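Values in this document were obtained by computation on a predicted structure and should not be read as measured data.
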Amino acid sequence: MKVEPPPGGFEGPVKRSVTIAGHQTSISLEPLFWDALEAAAAKRSLPLNALVAAIDHARIQGEDPPNLASAIRTWLLAQPRA
């Protein structure tokens with residue numbers, strides 16, 4: 001089986017800073033995930049920081065929470081597709 005790269009090719013993670021509860025933290029996500037996260041925030045009429053904070057809050061409620069980047073990726077993939 002041959003697999004084609006996505007449009008624009010494969011891209012590694014990009015580190016960005018976000019503010020959660022008044023504290024800055026950096027998150028590394030691939031550009032595709034940053035785009036999806038920004039779209040999800042816009043769809044909910046939320047600032048990006050507010051959506052990340054909400055995902056973080058849900059993440060830390062778990063018994064064995066993953067790191068924040070993993071939680072964001074998982075949350076995004078669990079969202080209904082448009």
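Closest heavy-atom contact between G12 and P31: O-CD, 3.4 Å. Contact between L51 and A41 at its shortest, heavy atoms only, is CD2-N, 3.5 Å. Residues W34 and V18 approach most closely at CH2-CG1, 4.5 Å, considering heavy atoms.
The backbone N or O of P66 lies less than 3.5 Å from no partner atom in the side chain of S70, so there is not a single donor-acceptor pair. Under a 3.5 Å cut-off, the side chain of W75 and the backbone N or O of I55 do not form any donor-acceptor pair.
To the nearest 0.5 Å, atoms CG (L37) and CG (L76) are separated by 5.5 Å. Rounded to the nearest 0.5 Å, atoms CG (D56) and CD (Q61) are 9.5 Å apart. Between atom CD1 of residue I20 and atom CG of residue N49 there is a gap of 7.5 Å, rounded to the nearest 0.5 Å.
R59 has its side chain within reach of L68: a pair of non-hydrogen atoms, C-beta onward, lies under 4.5 Å apart. When side chains are defined from C-beta on, V52 does not count as touching T19, because their heavy atoms never get closer than 4.5 Å.
Both V14 and F33 are members of a single hydrophobic cluster when ILVMFWY side chains are connected at heavy-atom separations under 4.5 Å.
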- Task: Determine, step by step, whether L32 and E11 satisfy the side-chain contact (heavy atoms from CB on, under 4.5 Å) criterion, reporting the C-alpha distance in whole Å, the side-chain angles of both residues, the deciding distance to 0.1 Å, and the verdict.
- Result: CA-CA 8 Å; L32 186 70; E11 296 183 71; over 6 Å; no

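At a threshold of 4.0 Å, the pair E38-R16 counts as salt-bridged, since one of the basic side-chain nitrogens sits closer than that to a carboxylate oxygen.
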